[in-house]
Structures are given as C-alpha cells and as structure tokens.
Protein chains: 2
Amino acid sequence: MPKPTDAVVPAPASPAPALTDDLSFLLARANAISLAAGNAALAVHGLKARSYSVLVLTTGDARPSQREIAEFLRLDPSQVVSLVDDLQSRGLVERRTDPADRRANVVVATDAGRRLASVARGSARAAEEQVPRQLTPDQRQTLAALLRVLAFPET
Amino acid sequence: MPKPTDAVVPAPASPAPALTDDLSFLLARANAISLAAGNAALAVHGLKARSYSVLVLTTGDARPSQREIAEFLRLDPSQVVSLVDDLQSRGLVERRTDPADRRANVVVATDAGRRLASVARGSARAAEEQVPRQLTPDQRQTLAALLRVLAFPET
DNA sequence: GGAATTCCATTGAAATTGTCAATCATTTAT
DNA sequence: ATAAATGATTGACAATTTCAATGGAATTCC
C-alpha cells in the first residue's frame, strides 16, 4: 500500500506510477464499492441508489423540478422521467406543475414516500458505515468535505 | 500539529439531512465528474478511463492476469476480455499464457503500448488537476489517502 | 493414477444504463 | 407578434452490466 509521499512534479523514469496514486481511479473504485453496498442495502425497499437519491431530494424543502434533479444527479433529463415514473407509479412521489413555470414539474414526495425514505435512510446509513469502517468519524467528515469540493466545484 | 487526515473543512449546518452529507452520493457525483473529464482527456489517444487503466496496469512489473485485472478494476472477467481484445488489436498489449498456470493470460504492454501509456498519462494528469483545482496539494493527498482506505479496505 | 471439482478465459444473451435527436407546450427575448 | 430558448417526454440507438454456459487446465480427493 503506497504512502502519500510523492511529489507534484512528474518523474519520467521512475518505476511505473501505480494506478493507486490516481485520484480518478480511487474515486472510481471507491464509488463502485460504495454503490454495490448501497444498492444491496436499498434492495429490500425496492430502491436503488438512483431512485433513493431522487426520493430523498423530493422529501426536502427544495421542491426541485425534474431538470434540477437531473443536474444535481448528473443524469440525462430523460432518465429522470423514468425514475420519477417509477416512483410515482408506486405512490411515493407526485408531479405538480410548477405554477411559476407551467413547463416544469415539481416533484414532491408523498407521505408514503417520506416514510419509505426515512426507513431507507437507515439502511443506507448502515451500509455506508460498513464501508468506511476503517475511518474515524473525523476522517469521514474530512473525506466528505473534500469530496464536496470535487463534487460541487465553484464556477 | 494536526494529522493530515484531521478535519479541514467544517460541515455546513443544513436543516434537512441532505444528500450532500451522504458519502455515497458525494462519491458518485465526484466520480461522475472525474470520469467525464478523464474520458474527454483520453479520447485524443483513443482511450477511455477503462482502457487506460488496463493499459497502465500492464506497463508495470506486476504482470497481471486478466482475472487480476478484473478484480482490481472491479469488472466482470468478460469485460476485461473486450478491453484486452481492443488494446491487443491495436498492438498496445499482448496476451501471454502464464507458464505457471496455462489457463491464465498474462497481459503485458508492448513498446507502443508503453509509449502511448506514457503520453496518455500526461493527458490524464492534466485533466485530473483541472478537476480538484480547488484543493491544495496537501488536501489532494489527504483525499487520496482517505479514498485509498475506502477503495482497498483491509479484509 | 484417475475422477470429480475448481478455476481462467471466452462467448453470447438479456437487462440496465447512457446518449441523443425530435416534439409539444410554455416562457423569454427581440 | 414573432422568434428563440427551455422543460418534459418519447423513442431510437449505443454502451455497459450482469449471468449462464463452455472448453481447457489445474487442483483435490480418494
């Protein structure tokens, strides 16, 4: 397991710089693990990471439109259509045409949706705490803060 | 003197337990951004993040089998077949049946493969430094160290 | 030694996901 | 008022993921 001791300047002839120093690779692998654990934990509730995310977004005060959901989740708007279709058909969310802009659908969780989100959050959290077991709470918060910078870059 | 993995950024106080506190979600979104940037940067060389990873793995001393590549990249073995097929058809890697286990293929980069990997590494690094340019080198190393714990959990 | 079992690579099919262009209804800009 | 832009939706298509099945090779177990 390599240590974070490498310099910033690239060294041309050094022994092959491993993938394990590559932030992109580490993100991909960590995400794959986390995603698998999350999906497994949410399956009991008939949810996946995606649908869970949408559901959670609709339980807040933000009242996001589908376009906003798509942007936030980095999905194509058409994918949000399917996700909301599914949640709506299960009575977990509703589409309300935004009075301020009647093109837009505001998606809002129903009571059942809120209840499910609340239960599912427990499962998700449990799964999430399995994965970074090796991290202290402090380290986990640091990680979250740093990831937040990557996930939501300014500008 | 604080350890490198101590808290650096305070968590924002939000009323609803937002998705932005969710490590899984942050990983997913950060990864999506990083992946998009990486793929875009590697496209010039006819590579994607996946094929680039395979290529890099085969330039080291590890001499990984396809099964090992699959495990490391968290891919299905059949996906590695396609990836290696592609790289091999372009003369970038070779399959050598492992003398110690003639079921296994050891994948090793050709000279052309090594040259391409070296050039592509430059592009990848450039792209990678674009994404987290809000982070100081110290923070980036902390992030890498923490991600490494998630990506390669003990046991 | 030989039979059963396990493992690696490969193929191919099915399901899921990602990407894109076109359309309708509405809103914004000229 | 007309034109341009935007949000949601649909449908088509590509790419990715997931699995089951196969053949050859190694391992295990009498």
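The sequence lines fix the lettering, A, B, ..., with proteins before strands; numbering per chain opens at 1. Keep in mind that this is a model prediction, so the values were computed, not measured.
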> Which of the following nucleotides, D:dC19, D:dT10, C:dA9, is nearest to the side chain of B:Asp76?
Replying inline: D:dC19
> Just how far, in rounded Å, is C1' of D:dA15 from CG of B:Asp86?
Replying inline: 13 Å
> Could you give the CG-to-P distance, from A:Leu83 to D:dT10, as a whole number of Å?
Replying inline: 14 Å
>> What is the distance, to the nearest angstrom, from the CZ atom on B:Arg96 to the C1' atom on C:dC8?
In response: 19 Å
> Reckon B:Lys48 has a side-chain N or O less than 4.0 Å from the OP1 or OP2 of D:dT16?
Replying inline: yes
>> Could you check whether A:Ser78 and A:Asp76, counting side-chain N and O atoms only, form a donor-acceptor pair closer than 3.5 Å?
In response: yes
> Hey, does the side chain of B:Gln66 come within less than 4.0 Å of C:dA9's phosphate (OP1/OP2), counting only N and O?
Replying inline: no
>> Taking the minimum atom-to-atom distance to the side chain of B:Asp85, which one of C:dT11, D:dT16, D:dA26 wins?
In response: C:dT11
> Just wondering, do A:Leu147 and A:Leu27 contact through their side chains at under 4.5 Å, heavy atoms?
Replying inline: yes
> Taking atom C1' of D:dT6 as reference, at what distance in whole Å does atom CD of A:Glu71 sit?
Replying inline: 12 Å
> Taking it one step at a time, do B:Phe25 and A:Phe72 satisfy ring pair (Phe, Tyr, Trp, His ring centres under 6.0 Å)?
Replying inline: CA-CA 10 Å; B:Phe25 164 70; A:Phe72 197 74; 5.1 Å; yes
>> Determine whether a donor-acceptor pair (one donor, one acceptor, N or O, separation below 3.5 Å) exists between the side chain of B:Ser78 and the base of D:dC19.
In response: yes
> Among the nucleotides C:dA9, D:dT9, C:dT10, which one has an atom lying closest to any side-chain atom of A:Arg95?
Replying inline: D:dT9
> DNA chain D: A:Asp101 or B:Asp98, which has the more 5' nearest nucleotide?
Replying inline: A:Asp101
> Would you call B:Asp86 and B:Arg90 a salt bridge, taking side-chain N to carboxylate O under 4.0 Å as the test?
Replying inline: yes
>> On DNA chain C, does the nearest nucleotide to A:Pro99 precede the nearest nucleotide to B:Val81 from the 5' side, or the other way round? Give the residue.
In response: B:Val81
> Roughly how many Å is it from CZ in B:Arg67 to P in D:dA25, rounded to a whole number?
Replying inline: 19 Å
> For the side chain of A:Asn105, counting heavy atoms from C-beta on, which of D:dT17, D:dA8, C:dT10 is nearest?
Replying inline: D:dA8
>> On the side chain of B:Arg103, is there an atom forming a donor-acceptor pair with the base of C:dC7 - under 3.5 Å, no angle test?
In response: yes
>> From CZ of A:Arg74 over to C1' of C:dG18, roughly how many Å is that when rounded to an integer?
In response: 13 Å
> How long is the line joining CD of A:Gln79 and P of D:dA8, in whole Å?
Replying inline: 14 Å
> Do the side chains of A:Val54 and A:Val80 get nearer than 4.5 Å, heavy atoms only?
Replying inline: no
> Rounded to whole angstrom units, what separation is found between the CD atom of B:Glu68 and the C1' atom of C:dC7?
Replying inline: 13 Å
> According to a strict under-4.0 Å criterion, is B:Arg50 in side-chain N/O contact with OP1 or OP2 of D:dT17?
Replying inline: yes
>> Reading DNA chain C from 5' onward, which residue's closest nucleotide shows up sooner: A:Arg102 or A:Leu75?
In response: A:Leu75
